[in-house]
2 protein chains.
Amino acid sequence: MPQSRPRIIPEATVARLAVYLRVLAGLADGGRSHVSSGELASAAGVNPAGLRKDLSYLGPCGVRGVGYSVSGLRDRLTDALGGERSRPCVLIGIGRLGSALADYAGFASRGFEFVGLLDTDPATVGHRVGGLQVRPVQELEALVAETHATIGVITTPAEVAQSVCDRLVSVGVRSILNFAPVALTVPAGVDVRKVDLSVELQVLAFLDQQRDGTPPLLAPLRAAQGVAR
Amino acid sequence: MPQSRPRIIPEATVARLAVYLRVLAGLADGGRSHVSSGELASAAGVNPAGLRKDLSYLGPCGVRGVGYSVSGLRDRLTDALGGERSRPCVLIGIGRLGSALADYAGFASRGFEFVGLLDTDPATVGHRVGGLQVRPVQELEALVAETHATIGVITTPAEVAQSVCDRLVSVGVRSILNFAPVALTVPAGVDVRKVDLSVELQVLAFLDQQRDGTPPLLAPLRAAQGVAR
DNA sequence: GCGACTTTGTTCAGGCGTTCACAAGCGGTT
DNA sequence: AACCGCTTGTGAACGCCTGAACAAAGTCGC
Ligand SMILES: NC(=O)c1ccc[n+]([C@@H]2O[C@H](COP(=O)([O-])OP(=O)(O)OC[C@H]3O[C@@H](n4cnc5c(N)ncnc54)[C@H](O)[C@@H]3O)[C@@H](O)[C@H]2O)c1
Ligand SMILES: NC(=O)c1ccc[n+]([C@@H]2O[C@H](COP(=O)([O-])OP(=O)(O)OC[C@H]3O[C@@H](n4cnc5c(N)ncnc54)[C@H](O)[C@@H]3O)[C@@H](O)[C@H]2O)c1
């Protein structure tokens, strides 16, 4: 009676589970059969105790005194994060960034497959990118209905991102990854994650200034471990 | 005697300040002179009270009963986040993703300027991308010394990311933005921020499954406001 | 078969971040 | 000049997450 699943998993933990899963995939390729929490944590760049806490949300999945079975834990994590089934995605805005994403092989290996590339630019529509032909954005609704895409990725200019988002939501897409520098408004029940590269650079600039300007009162204290977050 | 700065600013707040700054830039272009915390928060996709708390780290910068001066607040934020000075950046790995970043105009407008593009591939070296010529990666050390670059952006394959990172650190770069799916190890005093797109998709997949699988016990409760994080 | 060592799983405390609610302050109006 | 409404700034409570210490448990060696 494996009835220990119903525990809720914090979103921060989910993000780390995805990292562990990738590390485990690498270890499995390398032929390793077992790992300790310490080694896995080091490879993932986190605290060993935190890693064990994260894994404990899935119930016991290691063997005391030995560690974790690489393949066993990988399968468990795969399952917890949504199974192995392929997740069809649509990508809207096939410019420089969109093309890079469409071409990227690293998504397919995790089960994320682009089933539709959409753009308005007549010069772009019709081109093949990453094995797929770019289609006019007018076909968005039909394409989502046809392919049952569940994830929408927005790489259009910021001005049109909200309207694209609205169209995605209207045809049932409830998971959206947004690269445009705007805050999207969506109804409850729809999840949006935003990737904002300018903000990342700006935070680095701030930390840089803080380091040079006020060295005595650096906020907390960085772990001497030297492992980045 | 504007001596109220020494307060420390949480990193989460810094990231939001960068968002506010972008919204303010847009409002200034639109000719607005004042904004209320409510309007600004709505545009940034955050809670109004939280926004005011964020701004309070900079000391009082609004007028009660009126709101915030758009240009005044923008200047204050610009200053807090590292000033207006141009921040020279080097980009290593001019593949699909690297090219997209090098070509992007949105960074320069915030003061981030790429002063060096580096790659190993002989087929890529010499090409012009975004107004800059790609240089062989052997010149990394010389280029950083010459341009005084303070930020390094890594878009190489994961296998070589750590070695590239080490070289950047060895010549004094203390701010690194990493797109490769590995946890970089750096000495104390160096800041690394990681952008992991596979993880973002994986989190969306998890939320999707959670929604369909266990609707009754959704973790906290989503804000009815419908504003995404 | 037993003991000791290794590593997990969990509990506890501390810190951070977020949210709500209210008092203080300013402008406009009478 | 005083009042009223609007908006900021802040204090406090709450919840989440992180980091560390401890006990349970299984394996390996003898
Ligand atoms: N390129 C980067 O490195 C980078 C970095 C940070 C943020 N971004 C953001 O990502 C987004 C895309 O950036 P980019 O550099 O690829 O820009 P881009 O101009 O190269 O590409 C945008 C694409 O969207 C298409 N498009 C425009 N309107 C559309 C619509 N209504 N429906 C469908 N497609 C439409 C355009 O035809 C174009 O192909 C922008 O919002 C940008 O701010 C990009
Ligand atoms: N393209 C995407 O959408 C995407 C998405 C998520 C993550 N990533 C990650 O970003 C990184 C780059 O992705 P990409 O799609 O641009 O790959 P890519 O293969 O197109 O580009 C990588 C570039 O790095 C260069 N390179 C290799 N070794 C180098 C070295 N030692 N020094 C300098 N340059 C070197 C290569 O010549 C190539 O030009 C990868 O780590 C990838 O996992 C990419």
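What you see below is based on every heavy atom in this structure, not just the backbone, and it leaves out hydrogens, waters and symmetry mates. Every chain is numbered from 1, with letters handed out A, B, ... down the list of sequences.
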Note to self: Nearest to the side chain of A/K53, heavy atoms from C-beta on, is which of C/dG25, C/dT11, C/dG9?
What the structure shows: C/dT11
Check: With respect to the side chain of A/N47, which nucleotide from C/dT19, D/dT8, D/dA20 is positioned closest?
Finding: D/dA20
Notebook entry, point to check: Which residue lies toward the 5' end of DNA chain D, A/D54 or B/V35, if each is placed at its nearest nucleotide?
Noted result: B/V35
Notebook entry, point to check: Should the pair B/R211-B/D208 be classified as a salt bridge under the 4.0 Å nitrogen-to-oxygen rule?
Noted result: yes
Notebook entry, point to check: B/G67 near the nucleic acid: base, sugar-phosphate alone, or nothing, with a heavy-atom cut-off under 4.0 Å?
Noted result: sugar-phosphate
Item checked: Nearest-nucleotide 5' precedence on DNA chain D, B/G62 against A/R16 -> B/G62
Checklist line | A/L55 and A/Y20, any side-chain heavy atoms less than 4.5 Å apart | finding: yes
Check: With respect to the phosphate group of D/dT7, does any side-chain polar atom (N or O) of B/S36 fall under 4.0 Å of OP1 or OP2?
Finding: no
Checklist line | B/R64, nearest nucleotide to its side chain (from C/dG17, D/dG26, C/dC26) | finding: C/dC26
Next item on the list: Could you check how far CD of B/E11 sits from P of C/dC16, rounded to whole Å?
Entry: 12 Å
Checklist line | Of A/V66 and A/A49, the one whose closest DNA chain C nucleotide lies more 5' | finding: A/V66
Check: More than 12 non-hydrogen atoms from neighbouring residues, nucleotides or ligands closer than 6.0 Å to CD on A/E84, yes or no?
Finding: no
